[in-house]
Each structure stands twice: as C-alpha cells, then as structure tokens.
Visitor: 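Mind having a look at this structure? Questions to follow.
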Amino acid sequence: MSGLDVEKIKRDSRRLRGSVAEGLEDPVTGALAEADTVITKFHGIYQQDDRDTRNERREARLEPAYQFMIRVRVPGGVINPKQWQALDELAGSVANGTLRLTTRQAVQFHGVAKEDLRTLMRGIDAVLMDSLAACGDVNRNVMCHVQPEASEVHAQALQWAQRLSAHLTPKTGAWREIWIDGKKVADSETEPEAEPLYGETYLPRKFKIGVAIPPINDVDIFSQDLGFIAIEEEGRLVGFNVTVGGGLGCTHGEPKTFPRLGDVIGFIPPGQLLELAETVVTIQRDFGDRKERKHARFKYTIEDRGLDWLRQELQGRLQATLEPARAFEFIHSGDRYGWTEAVDGSWQLNLFILSGRLFPPQRQGLRALIDEGVVADVRLTPNQNLVLAGVDGANRARVEETLAAYGLDEHRQASPVRLNAMACVALPTCGLAMAEAERYLPDLVRRIEEMAARHGVEEQPITVRISGCPNGCSRPYLAEIGLVGRAPGRYNLYLGAGFDGSRLNRLALDNANEADILEYLDGAFAHFAAGREPGEHFGNFLVRAGFIAPAHHGRDVNL
C-alpha cells in the first residue's frame, strides 16, 4: 500500500473511525477490511494470522487463522495493582494466555479473536488504561526510566514523560465510540471533532519520544525521533538536553533507508518541554514525506533538510533559541537487576523476563504477589523486563520465595550475555517477519554463552539483540551483537555498537546461516579474549582493534 493510499484512508476515516465498527459485526470472516487495518493501528491493534498454519489452511480452502495483537499504552511504564490484575485476567480469558512486555514499555496481548476485541478494550478501560496511539502515525508510548524513587530528579522526569504522553495523545473520540460505549460522536452526516495538533491525516509515520536519566541510557535515547536527556545539577532537575532524528528502521537492499542516531541540538528548561515537543511534532507533520512511507520518518526529514534548517524552524515557531547543550555521560543501556533501595526506604526488584514474554506460570507468580499486596506497583523497563516496586524490607524474603517457585528468579543465575539480550516477536504472528527472533533467542544465547565460556569471557556483559526483519523493533543496530532476519534461518550479523547506546554497529556478515555466524563470532571472541583492556566492552574493543570499522553514520551500517 503506497503512502498516498494510506494518506487517503486516514483523510477519509472521519478521525480514525472508518468502517471498523461495521467490520466487527461481520460474522463471515475473522478479519477486518484492508483499509480498516490501517485505522485500527491508531487504536493499538494489528491484524495478524498464524503463519505456521497458512499453508495447511490454504490447502483446506480456509481463510488464514486471523487474530489480533493489541498493544496497551503505558506512559513511562508504570502499572498499578488493579491494572495489572485486569491485564492478567484478560490474558487468560481472551488472549493466548501470555502477556508480552515490549521494548517501548508497553504491554501486548496476542491471539485475540475479532469477537473478543471489545471485551478486551472494555477490560482495560475499566482500570483507566487504553490502547489509543499505541500504534499508528502519531506519537507512540513515551518512554522513561522506571525507578522514580531513586531520586527527586527521577520522579520529576517520569512526571514530565507522563504529561508529555497526555499532551500528544490524539483528541478523537473514535476509540471510546467504537470499543467502549458505542455513542457516536461523528458519522457520515456530521463533522468529526477537531484534531488541533495532528489534523485530518495525522503524521506521515510513527513518532517516538523518550526521556533518559544519565548515567543510564535504558531508553536508548539516540534511537528516538525526539529525546530528552535529564540534566541534574546539585540534586535538582534543571532541564533537558534535546535530541532529534533518531530511528532504526530500514529496508534490505535499499540504501536510501538506514538507521540513524539522534543529534543533540541544545538544552531547554523543564517548562519548555511540552511546547518544544509539540512544535517538533508539527514540523514533522508539515514537512515529512507523505508519498513514500519508507522515507516518511523524522530522521529523513532532518537528513534531507539539515539541522540548521530544523533550528531555524524551531526558533521561528517557538520564538525562542535553544541554549547550548550541557555535559552528560552514559555508561550503559541495560537494566539494573536485583534489589535497589528507594529514597523512601522501600525496595524495588528488577526481574529478567526473556524476550518480555510472561507465560501462565509466571503470570500466576506475579499475580500472587500483587494479590497479597506486597508490591505497590509494577514497572515495565525499556529492555522488556519488570520492576516490582514499593516492597517493604520485611517482605523481601517472601517475594524471593514466590519468584523462585514460579521461575521468575532468572536474574540471579543468568549470564551477563543473557541479561543483555532482547528479541522482537517475529514469527509466527508478525506479518513483517522474515526469520525467527523470539523463538530463536534462547538457542542463540546458549550458543553464545558456550562460546564466551570457551574463551574465558563469560563474565563480560555483551548486548545481543535479534530482529526478524530490518524494521528493528528490538533495536538490533544498537547491539554489540545484532542479528536481523533475511529469510528463514538466515540473518545479517552486525557488530561493534557502543555498550552505552551511543554508537551504531556495522554489517559483518550478509545473509548468513547460523554456522557461519557462530564461526565469525568465535573469531571475534578469540580476539577479544586476547587483546581487551581492563573494563573494555566487546563492541568498543572490536572497533579499537580494527576487527570492525566504526559506523559514523547510518549509511555506513550496511556497507
């Protein structure tokens, strides 16, 4: 579907209504109309089918096994106990029994039938959650570091992230009209409600925002279309450095598409955050490419027009000039596993959840802790993991006992490689997947662990990320070892990113099978073991030693 086709569908949708409501009532098919699948993405819904059964069903002259993925928006990643209980119950009653935590701090339901969509939406609405703008050509879930009790600065940064999410949420009443109460705000004979920020065609493509708090870059701030780096001075949040133009998606064989790191363009005080963010979004709304969707992200608008143009456009619209950026430092982009004491004396426990997938036994263990009231709330990390927050010190032993009983204590024994590994969903449900990712990650990590042990570097933390396609939902281009699917069993291997998320990796092998990938990594580990300096990370070593050339720009990644 071309960019112009999508633009027409959005324009004619009456503020994201289309014929979705009518399609939900059609008993003949488990699918929605193709045009409506464009609109439902704005509602946080992707139409999918079970690709493992496609051929079998085709031979039986059956339509594909249609199902839906629903993404619940969780600004800043904070979920209260009642909300978690509702998500858990819905996972068991209308989804496939699992909950999946995403790399943008959201929650996904998989395997939902069309006739159960309204039940699910009403269930999350009852606990003040929604899926509006979790997908689509709008600002997506705003990310933020998830341990606000660590300091006053952390708490303020989370508050700004949540305010920003609310500020940039579309104003359409279509979500409630279709999924919750059925009361029509607009129909074919009435003018739809105003959408003052986005207009009738919204943005050219998706838009992503994150808030980072140095020295932890867990949100991968340089991968965001728009980023805010919290600056602390004498224990106070004095403002944010602003980054623009990040984005990781690209297309195999099309050199005009490439991942890009965001540029730091200046500093703003906290009170300017909402206005600046809105202004940047409107610039992309007005100048982004609406003809070619592969060229429609904000990173290409900046590449085509330049940072000086953006600064001038910002100055003209804001009537203000950005201050010079202030000093900051990142040390890593991962999570801090184990117990952390908060400033209020309570405790937080960062758990490791492989690929973010919570299966029924794990759900049951978490639910037991939630129901007992020993956990104040749940936090979703940008690395697909969970933080149990607000635990009284007297309950730590009880929490650890429950987690061990339900297989949720992997953070205690997992290797540093496993603790820094991520994968997207990929097969069998994602329609874009070219190769396995989530289902392959456990075997891949095991082989890398064995290899690292043979070379005596098994205690070194190394980021490993695998994506089933080049869109890069698991942020593979920022991994020290990144795999991107090309075809079943074949991947591009990328090496040499910075452990702190500040440098892209570069293509080492193109369209390779597992044996070739492991042989290449074996050589890389041998060099690392022999030549690394104390404290040197794997990606930095590969670049310093000349094993892989650094990627100075996204165009270099696939060279």
Side-chain angles (χ1 to χ4, degrees), residues 72 74-89 91 98-102 105-107 127-129 143-159 161-162 211 213 215-216 218-219 332 334-414 416 418-420:
V72 182
V74 188
V78 179
I79 301 176
N80 68 41
K82 287 187 177 180
Q83 291 172 333
W84 186 267
Q85 289 167 338
L87 296 176
D88 178 75
E89 290 171 5
T98 71
L99 285 171
R100 196 173 195 280
L101 317 179
T102 80
Q105 298 177 287
V107 174
V127 289
L128 304 181
M129 303 183 85
M143 299 172 68
C144 188
H145 183 70
V146 293
Q147 293 177 305
E149 292 82 4
S151 73
E152 183 63 27
V153 170
H154 287 72
Q156 292 175 5
L158 176 62
Q159 290 168 5
Q162 292 171 331
V211 179
I213 306 172
I216 311 302
D218 50 358
V219 304
H332 67 80
D335 289 337
R336 300 179 295 174
Y337 295 102
W339 289 103
T340 302
E341 188 174 11
V343 293
D344 63 1
S346 67
W347 290 85
Q348 302 174 353
L349 180 58
N350 198 146
L351 306 179
F352 172 69
I353 309 296
L354 183 64
S355 296
R357 182 75 68 175
L358 290 167
F359 293 94
Q362 296 168 307
R363 285 178 36 228
Q364 186 178 358
L366 290 170
R367 183 65 184 270
L369 293 173
I370 294 292
D371 290 349
E372 289 177 22
V374 298
V375 175
D377 59 46
V378 175
R379 315 280 172 77
L380 313 182
T381 83
N383 292 296
Q384 301 178 309
N385 297 312
L386 273 180
V387 173
L388 305 181
V391 178
D392 187 279
N395 290 324
R396 284 180 52 174
R398 168 65 180 138
V399 170
E400 291 179 349
E401 177 185 340
T402 300
L403 295 176
Y406 289 94
L408 283 163
D409 61 343
E410 193 172 0
H411 65 282
R412 299 179 61 184
Q413 62 265 3
R418 188 171 297 261
L419 292 175
N420 286 280

Visitor: Before giving the answer on side-chain contact (heavy atoms from CB on, under 4.5 Å), spell out for Leu369 and Val391 the whole-Å C-alpha distance, their side-chain angles and the decisive distance to 0.1 Å.
Guide: CA-CA 10 Å; Leu369 293 173; Val391 178; over 6 Å; no

Visitor: List the atom of Thr381, the atom of Leu386, and the distance in Å for their closest heavy-atom pair.
Guide: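 Result for this residue pair: CG2-N, 4.2 Å.
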
Visitor: Do any N or O atoms from the side chain of Gln162 and from the backbone of Gln159 form a donor-acceptor pair under 3.5 angstrom?
Guide: no

Visitor: Got a second to check how far Leu388's CG is from Leu403's CG, nearest 0.5 Å?
Guide: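 The CG atom of Leu388 sits 6.0 Å away from the CG atom of Leu403.
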
Visitor: Does the side chain of Val378 reach to within under 4.5 Å of the side chain of Gln83, using non-hydrogen atoms?
Guide: no

Visitor: Can you measure from CZ (Arg396) to CG (Leu349) and round to the nearest 0.5 angstrom?
Guide: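 Those atoms lie 8.5 Å apart.
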
Visitor: So, do Val399 and Val374 sit near enough that their side-chain heavy atoms are less than 4.5 Å apart?
Guide: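 In contact.
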
Visitor: Using the test side-chain contact (heavy atoms from CB on, under 4.5 Å), find all partners of Ala414 that sit at least two apart in sequence or belong to another chain.
Guide: Glu410, Arg418, Leu419

Visitor: Is a side-chain N or O of Asn385 found less than 3.5 angstrom from the main chain of Ile353, in a donor-acceptor match?
Guide: yes

Visitor: Is any side-chain heavy atom of Leu358 closer than 4.5 Å to one of Leu408?
Guide: yes

Visitor: Kindly write out the residues that satisfy side-chain contact (heavy atoms from CB on, under 4.5 Å) with Gln105, not counting sequence neighbours, or none if the list is empty.
Guide: Asn141, Met143, Val146, Leu380, Pro382

Visitor: Per the side chain to side chain donor-acceptor pair (under 3.5 Å) rule, which among Asp335, Asn420, Asn350 passes with Asn383?
Guide: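 Result for side chain to side chain donor-acceptor pair (under 3.5 Å) with Asn383: Asp335.
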
Visitor: What pair of heavy atoms forms the shortest contact from Val211 to Ala157, and how long is it?
Guide: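 The pair with the smallest heavy-atom distance is CG1-CB, 4.1 Å.
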
Visitor: So, using side-chain hydrogen bond (donor to acceptor under 3.5 Å, both in side chains) as the criterion, who are the partners of Asp88 when residues are at least two apart?
Guide: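 Testing Asp88 for side-chain hydrogen bond (donor to acceptor under 3.5 Å, both in side chains), a comparison that skips the adjacent residues, returns Arg363, Arg367.
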
Visitor: Can you name the residues that form a side-chain contact (heavy atoms from CB on, under 4.5 Å) with Arg412, not counting sequence neighbours?
Guide: Asp409

Visitor: Output the distance between atom CD1 (Ile79) and atom CE (Met129), rounded to the nearest 0.5 Å.
Guide: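 The CE atom of Met129 is 4.5 Å from CD1 of Ile79, to the nearest 0.5 Å.
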
Visitor: Can you tell me if Ser346 and Asp344 form a side-chain donor-acceptor pair at under 3.5 Å?
Guide: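 A pair is found: one side chain offers a donor N or O, the other an acceptor, under 3.5 Å apart.
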
Visitor: Under 3.5 Å, is there a donor-acceptor pair between the side chain of Gln348 and the main chain of Thr340?
Guide: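 Absent.
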
Visitor: With sequence neighbours excluded, what pairs up with Ser355 under the side-chain contact (heavy atoms from CB on, under 4.5 Å) test?
Guide: Arg100, Ala423, Glu438, Leu441

Visitor: When you compare the side chain of Leu366 with that of Leu351, does any pair of heavy atoms fall below 4.5 Å?
Guide: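 In short, these two side chains touch, coming nearer than 4.5 Å.
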
Visitor: How close do Trp84 and Ile370 get, heavy atom to heavy atom, and via which atoms?
Guide: CD1-CG1, 3.9 Å

Visitor: If you compare all heavy atoms of Arg379 against all heavy atoms of Asp377, which two are closest, and at what distance to 0.1 Å?
Guide: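 Shortest heavy-atom contact: NE-OD1, 2.6 Å.
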
Visitor: So which atom in Cys144 and which in Ala161 form the shortest heavy-atom distance, rounded to 0.1 Å?
Guide: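 Nearest pair, atom of Cys144 first, then Ala161: CB-CB, 3.7 Å.
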
Visitor: Test of understanding: with side-chain hydrogen bond (donor to acceptor under 3.5 Å, both in side chains), list the residues that count as partners of Thr402, not counting sequence neighbours.
Guide: Arg398

